[in-house]
Undergrad: 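Pasting in a structure now, in structure tokens, and then I'll have a few things to ask.
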Amino acid sequence: MRAENILEVDGLQTWFHTRKGVIKAVDSVSFSLRPGEILGLVGESGSGKSITGLSILGLIDPPGRIVSGEVRYKGRNLVGLPEPEIRAIRGRNIAMIFQDPMMTLNPVLRIDTQMRWALAAHEQVDKNAARARSLEVLRLVGIAAPEERLGSYPHELSGGMRQRIAIAIAMLNKPDILIADEATTALDVTIQAQILSEMQNLCAATGTALIWITHDLSVVAGLADRVCVMYAGRIVEQGLVDDVLDRPMHHYTEGLIGSVPSMNARGKPLKQIAEITRSLFDLPSGCAFRNRCPKVIAGCSEPIPVLERNGHQFRCINPPVPAP
Amino acid sequence: MIVYLINRVGQSLFVLSAMSLIVFVGIYVIGDPVQILVSPEASAEEIAQVRRNLGLDLSLPTQYLRFLSGATSGDLGSSFVYNESAIVVILRHFPATLELALAAMFIAIALGIPLGVWAGIRSETFSAKAIMAASTVGASLPTFWVGLILIMCFAVYLGWLPASGRGATRSVFGVELSIFTRDGLAHIILPALNLALFKVSLVIRLARAGAREIVGQEFIKFARATGQSPARIVLGHLLKNIMIPIVTVLGLEFGSVLAFSVVTERVFSWPGMGNLLVRSLFLLDRPIVVAYLMLTVVIFVVINFTVDVIYTFLDPRIRFSAKAG
């Protein structure tokens, strides 16, 4: 089983050393990804999910630093690789797209230039070959009249179109893994639904594994095979989507699920999680969710081990009672 | 585009006529050029003769109207001192100033942009902070003082470079230029450095501010995530995005160097238009001064237009509109 994994993140710690102290943005995060699998990485802003994505690609800038842990791509540890070697992997083996479709494309360069440069980063291509490959990928992500789009500037395109083009650029080099950081959050829901279903088909067709970073549990519910829930830099729960959503084993996950509006609960006030996340500078000892948790017990202030039940992992010593 | 051009030309014509009037009256008030031009022993009759020849015996409004009617047919009058067309005299001094200005702009771009971009993308390093400190000093020092220091260091103590004047020239497409001879190059280095110092500092600050802003943008992060090299990211993605303010300021600076490099030209005895302007002012050579200032208006109009055209190449979101003028 383990040998099949295309990506293994193991004990990853990415810390930011600032004047006010050390921010443990990512703290002992471990998960793995199988080829073609779709993994949801869920958490509120500041929970470390984006930093996890950037850490995998080695794109952490000072004052941030990967303090310890490994990121193994096909068994090879990427942490600490010299810059040229990890650059050869970025975009070619592991690609990443970002949230804001208005800003992920360079405003002063034409689409064809941006696509050609992304290709040229990894192979010698002449203009015609680059154009042919670009057209192919643009069609793949569902762009109508791709020939026209190649000559456009980003400001001439809609938000959904721009995000599709960003996805196309990420898919240019046929990566094994695509990390999407809130990639549809800024789009309106109909476009979001379109792109999500296209991504699902795209990954199935190309065999690309997908790490979908989002704060939106409902997106993950429809898209992912497995899900990791992050809180204050740690993965507090991970497992198959159905397991985690039907039988959450951590009170934070339970709270997240409870705060999603649903048709069945129309008219009733939405549940919310009490208080707000503490600043990452003064997290409570033990379970970081302790100050907001409805079911705190004495042991919660001690370091919490990772518990496991049928492949469903969680960091909670007093889990919610699973519904029968 | 055409509306834009008409707007621009209309505005320039207004500035031209307003300025000619102000300069005309101003120099008339300062003094009588005839007293300077004639020899001290000249008789009252000779003085009156000179005055008549130059048209200075007429009333000021008449003189101005005569100038205007000449100007509309392209004749800006003849110099009192050189006895030839003012424009011809000015244009004879133009190549020297032009090549000095171009050399200064070259230094400003070649030093300012790389240093500024470096200071912007590596803003935490010691070298970046040193660059910024140096640029603050460079922007604050007075030009004439820096010129004198340059002469003292490189011409007097070290003796590496000549202190003043323009070197041997060579005719290039009918224009006498000195930058293509060894001697000429040696002569132009110090004055060009002197003129460039402030501009280098300015470009460094603009390039740094731009680079700091752009380097944090998501499209830079995205380009890095596609595995593009640092060189491609800086030269391809970043540079074009920071050029608009730099081109704007360089355009204005180029205009002001062409038109008003007076101090540097005086300090280094550079035989350009700036030197000519100062001499003409002392001699109350009104036609030269008026023609000179009108030429500067034309220079600024041309440069501003060029800058506007460059904008549209740099940023596809910018297009000409009638309001742009």
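Throughout, a chain's letter reflects where its sequence line sits, starting with A, and its residues are numbered from 1. Please read these numbers as outputs of a predicted model, since none were measured by experiment. Atoms considered below: every heavy atom in the structure, side chains included; atoms not considered: hydrogens, waters and symmetry mates.
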Undergrad: Which atoms of Phe98(A) come close to chain B, meaning under 4.5 Å heavy atom to heavy atom: side chain ones, backbone ones, both, or neither?
TA: both
Undergrad: Under the 6.0 Å and 45° cation-pi test, does Arg65(A) pair with Trp15(A)?
TA: no
Undergrad: Is the shortest distance from a Lys or Arg side-chain nitrogen in Glu70(A) or Arg76(A) to a carboxylate oxygen in the other one below 4.0 Å?
TA: no
Undergrad: Quick check on the interface: out of Gly91(A), Pro107(A), Pro175(A), who has the most heavy-atom pairs with chain B under 4.5 Å?
TA: Pro107(A)
Undergrad: Measuring heavy-atom distances to chain B, does Ala166(A) have an atom under 4.5 Å in its side chain, in its backbone, in both, or in neither?
TA: both
Undergrad: Which residue pairs pass the side-chain hydrogen bond (donor to acceptor under 3.5 Å, both in side chains) test with at least one member in residues 211-225 of chain B, sequence neighbours excluded?
TA: Asp61(A)-Arg224(B)
Undergrad: I need the contact set between residues 106-129 of chain B and chain A: heavy-atom distance under 4.5 Å, sorted by residue number.
TA: none
Undergrad: Could you tell me which portion of Ile214(B) (side chain, backbone, both or neither) has an atom closer than 4.5 angstrom to a non-hydrogen atom of chain A?
TA: neither
Undergrad: Heavy-atom pairs under 4.5 Å with chain B are the metric here; pick the option from Ile86(A), Asn173(A), Leu54(A), Leu105(A) that has the most.
TA: Leu105(A)
Undergrad: Only one of Asp112(A), Asn106(A), Thr113(A) clears side-chain hydrogen bond (donor to acceptor under 3.5 Å, both in side chains) with Arg110(A); which?
TA: Asp112(A)
Undergrad: Looking at Asp176(A) and Lys74(A), is any side-chain nitrogen of the basic one under 4.0 Å from a carboxylate oxygen of the acidic one?
TA: yes
Undergrad: Do Glu198(A) and Arg164(A) meet the salt-bridge criterion of a basic N to acidic O distance under 4.0 Å?
TA: yes
Undergrad: With a 4.5 Å heavy-atom cut-off, do Asp181(A) and Ile211(A) have their side chains touching?
TA: no
Undergrad: Between Glu147(A) and Arg131(A) (salt bridge meaning N to carboxylate O under 4.0 Å), is one present in this structure?
TA: no
